[in-house]
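What you are looking at is a predicted structure, and each value in this text was computed from that prediction instead of being measured.
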Amino acid sequence: MNRLVYALFAFSCFFAAVFFGAILIFSALGNVSSISTLLEFLGVCLFVNAGIIAIWLGWWVKRVVTGRRGLVFGWNREPFFIKPIRPEAKINGFRHQAAYLFGSLAIIVVLIYLNMAT
């Protein structure tokens, strides 16, 4: 019964993240037709990237909660921390995706800061 509750919680978090990310993305795309400066373009890119990150984080929360290694709620906790992480493990995919998404977000924020400083 607990796994059903955890799965429902995970899917509700995922759909909330998808809804929030879609709101961010569609609000940014609504402003695409009126872009006149580089700062407005970077603002649109920032909202699109934040929406993608929200959806991505929701998907990973769902995956962790409903996966075989459900770290959030404690089952199968010991094998995860005892066994070394293989190079082809899914957590490495998470790390690479996180570095790319948050790196691109950081670049956009730096460009906005540099554009506002001049």
Same apolar cluster: [X] and [Y], side chain cutoff 4.5 Å:
X	Y	answer
F11	F19	no
F26	F20	no
L105	L38	yes
I25	F15	yes
L101	L42	yes

Look up atom CD1 in I112 and atom CD in E40, then write down how far apart they are to the nearest 0.5 Å.
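CD of E40 is found 11.5 Å from CD1 of I112.
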
Partners of T37 by side-chain hydrogen bond (donor to acceptor under 3.5 Å, both in side chains), sequence neighbours excluded?
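By the side-chain hydrogen bond (donor to acceptor under 3.5 Å, both in side chains) rule, T37 matches no residue at all.
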
Side-chain donor-acceptor contacts of residues 44-59 below 3.5 Å, not counting sequence neighbours, with atom names and distances?
residue	atom	partner	partner atom	Å
N49	ND2	S104	OG	2.9
W56	NE1	Q97	OE1	2.7

CZ/F102: more than 12 non-hydrogen atoms of other groups inside 6.0 Å
yes

Close side-chain approach of F14 to V18, heavy-atom, < 4.5 Å:
yes

